[in-house]
Amino acid sequence: MTTQPRPVYVIGGGPGGLAAAAALRARGVRAVVIEKSDEVGASWRRHYDRLRLHTTRRLSALPGLAMPRRFGRWVSRADVVRYLEKYAEFHELEIVTGVEVTRLEPDGDGGWTLHASGGRVLTARAVVVATGFNHTPALPDWPGRDTYTGRLLHAADYRAPAPYAGQDVLVVGVGNTGAEIAVDLAEGGAARVRLAVRTAPHIVRRSTAGWPAQRTGILVRRLPVRLVDRLGALVAKASVPDLSAYGLPRPASGLYSRVREGAIPVQDVGLIDAVRAGRVEPVAALESFDGAEAVLADGSRIRPDAVIAATGYRRALEGLVGHLDGVLDERGRPRACGGRAPAQAPGLYFTGFTNPISGMFREMARDAEKIAKAVRGHLCA
Ligand SMILES: Cc1cc2nc3c(=O)[nH]c(=O)nc-3n(C[C@H](O)[C@H](O)[C@H](O)COP(=O)(O)OP(=O)(O)OC[C@H]3O[C@@H](n4cnc5c(N)ncnc54)[C@H](O)[C@@H]3O)c2cc1C
């Protein structure tokens, strides 16, 4: 590392970590980003090819650097990676790659000790954890999973439809990722695509008459949940066709109530048309496997060539901070985020662990400024 005074370490070189480091640097605080992979933006390098931000370019920019207009309104995955690379260069961020932080301990002197790969021990004045909401793929422990003879993979390992051309594929889970992968497969030559649905999702148009859904999310964010639920139902009726006949009924609980439980609405990037055209067939939830068969919640048995589990991710913060009192809640999420540090862990900040309706890039940009302000206050105290 270097011989300069103890820096603030930022763990993770994704958008959240880079934004926090830039905001700290802008306030004259030396921040060093530690990234376990070889480059910044590791998560975005791995996402499937077709992915675009579903938040707008302008509302997804991080502090101090706009995204170029030529990226268009809905920025492609590759351009997100370009932007993150440029962002690190533009802000002259100090970044150490190829180092994984494994555990944090208070150093007893108001700072923090970081244990990292290769036996490294680092000391910090404060730490920002930006290791990602979508850290570790979560694959449910379906009965019969280990002896399933078909191909089973997590959506994190899906890139493009070409390897599935002519195949019968079951996509499990209808969040934004599952919905988009199903459409990608249907458009990319899969012979049959079924989408296993446990709870019908809220589906929203990405934009209506030029007005992006994200802007609505920002406007309604602080309104009462029941009011937003009612508004959401009216908008859905007016803008999204009823897909009940195809196996995708309108959800029983309100849009914002579901967001509060952690389920972000599905932005339509082709699902509605694909379902209506029969190119994506909603089916019952996946319950178990039996040899080469997938057994669904309605008792039916199907034999897909491949099963793609779009079943989400874990935060996986337990190893890093799970041993510290009062830092994680019962779901393994930080109790305090943004500019607030947990009461029992002063100088420890988290960014990127909320999943707001207003967009995560925007949230992380805002958190970065709050964290930088709070860290300065912490260092001056
Ligand atoms: C498919 C998909 C699409 C999304 N689309 C949007 C969108 O359109 N708009 C939006 O606002 N949000 C979107 N999000 C949500 C969110 O903005 C992104 O996931 C974003 O990348 C989160 O940034 P992050 O920095 O918190 O985490 P990440 O981008 O995951 O970065 C975390 C970094 O930390 C590193 N790391 C992890 N653990 C360690 C460790 N122990 N030591 C060192 N380094 C470590 C990782 O290698 C990684 O580089 C999307 C998420 C997904 C999964």
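Order of listing sets the numbers, starting from 1, for every ligand and every atom in it. Both backbone and side-chain heavy atoms feed into the values below; hydrogens, waters and symmetry mates do not.
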Starting from atom 28 (P) of ligand 1, find the nearest protein heavy-atom neighbour and note its residue, name and distance.
Ser43 OG, 3.4 Å
Could you list which atoms of ligand 1 come closer than 4.0 Å to a heavy atom of Ile11?
40 (C), 42 (N), 43 (C)
Salt bridge or not between Glu89 and Lys86? Use side-chain N to carboxylate O under 4.0 Å.
yes
Indicate if Leu379 and Leu24 have the same hydrophobic cluster label, given that clusters are the connected sets of ILVMFWY residues with side-chain heavy-atom separations under 4.5 angstrom.
yes
Can you list the ligand 1 atoms lying under 4.0 Å from a non-hydrogen atom of His135?
37 (C), 38 (N)
Numbered atoms and elements of ligand 1 in range of Ala42, under 4.0 angstrom, heavy atoms:
47 (O), 49 (O)
Does Arg52 come within less than 4.0 Å of Glu180, counting only side-chain N to carboxylate O?
no
For ligand 1, which part of Thr131 has a heavy atom less than 4.0 Å away: the side chain, the backbone, both, or neither?
both
Any carboxylate oxygen within less than 4.0 angstrom of a Lys/Arg side-chain nitrogen, looking at Glu369 and Arg27?
yes
Nearest heavy atom to atom 8 (O) of ligand 1 wins, so pick from His54, Arg362, Arg206.
His54
In terms of heavy-atom contacts, does CG of Asp298 have more than 12 from other residues, nucleotides or ligands at under 6.0 Å?
yes
Could you work out, for atom 45 (C) of ligand 1, the closest of Glu39, Met360, Lys36 by heavy-atom distance?
Lys36
Quick one: does NZ or CZ of Arg340 land under 6.0 Å from the six-membered ring centre of Tyr349, within 45 degrees of the ring axis?
no
Proximal ligand 1 atoms for Pro15, defined as those under 4.0 Å from one of its heavy atoms:
20 (C), 21 (O), 23 (O), 25 (O), 29 (O)
So which bit of Tyr313 gets within less than 4.0 Å of ligand 1, heavy atoms only: side chain, backbone, both or neither?
neither
Within the side chain of Thr177, is there an N or O that forms a donor-acceptor pair under 3.5 Å with the backbone of Ala310?
no
Taking non-hydrogen atoms only, is His47 closer than 4.0 angstrom to ligand 1 via side chain, backbone, both or neither?
side chain
Element-labelled atoms of ligand 1 that are located less than 4.0 Å from some non-hydrogen atom of Gly359:
11 (O)
Looking at atom 51 (C) of ligand 1, what's its closest protein heavy atom, distance included?
Asn134 ND2, 3.7 Å
How far is atom 9 (N) of ligand 1 from the closest protein heavy atom, and which atom is that?
Thr55 OG1, 2.8 Å
Any N or O of Phe361 that comes nearer than 3.5 Å to an N or O of ligand 1?
yes
Measuring from the heavy atoms of Ser60, does anything fall under 4.0 Å of ligand 1?
no
Got more than 12 heavy atoms from elsewhere within 6.0 Å of CZ, Arg58?
no
Counting non-hydrogen protein atoms only, what is the nearest one to atom 34 (O) of ligand 1? Give residue, atom name and distance.
Gly12 CA, 3.2 Å
Presence of salt bridge, Asp79 and Arg82, under 4.0 angstrom
yes
Please list, in number order, the atoms of ligand 1 under 4.0 Å from a heavy atom of Gly16.
24 (P), 25 (O)
Heavy-atom contacts under 4.0 Å between Leu53 and ligand 1: side chain, backbone, both, or neither?
both
May I ask you to list the atoms of ligand 1 that are less than 4.0 angstrom from any heavy atom of Ile34?
43 (C), 44 (N)
Please determine if Asp168 and Arg194 form a salt bridge, counting it only when a charged side-chain N lies under 4.0 Å from a carboxylate O.
yes
His47 and Trp44 aromatic ring geometry - parallel, tilted or perpendicular at 30°/60° bounds:
perpendicular
Is there side-chain contact between Pro304 and Val169, with heavy atoms separated by less than 4.5 Å?
no
Got the closest protein heavy atom to atom 3 (C) of ligand 1, with its distance?
Leu51 CD2, 3.9 Å
Under a 4.0 angstrom heavy-atom cut-off, which atoms of ligand 1 come close to Ala130?
32 (C), 33 (C), 34 (O)
Nearest protein heavy atom with distance in Å, relative to atom 48 (C) of ligand 1:
Glu35 OE1, 3.5 Å
Other residues, nucleotides and ligands only: do more than 12 of their heavy atoms fall within 6.0 Å of CZ on Arg335?
yes
When you measure from atom 5 (N) of ligand 1 to every protein heavy atom, which one gives the shortest distance, and what is it?
Trp44 CH2, 3.7 Å
At the 4.0 Å heavy-atom cut-off, does Met364 count as touching ligand 1?
yes
Please report which non-hydrogen protein atom sits nearest to atom 31 (O) of ligand 1, along with the residue it belongs to and the distance in Å to one decimal place.
Gly14 CA, 3.4 Å
Would you check whether Val99 reaches within less than 4.0 Å of ligand 1, judged by its heavy atoms?
yes
Count I, L, V, M, F, W, Y as connected when their side-chain heavy atoms are under 4.5 Å apart, and connections chain through other members. Are Val197 and Val307 then in the same cluster?
no
For the student: nearest non-hydrogen atoms of Ala179 and Val266, plus distance
CB-CG1, 3.7 Å
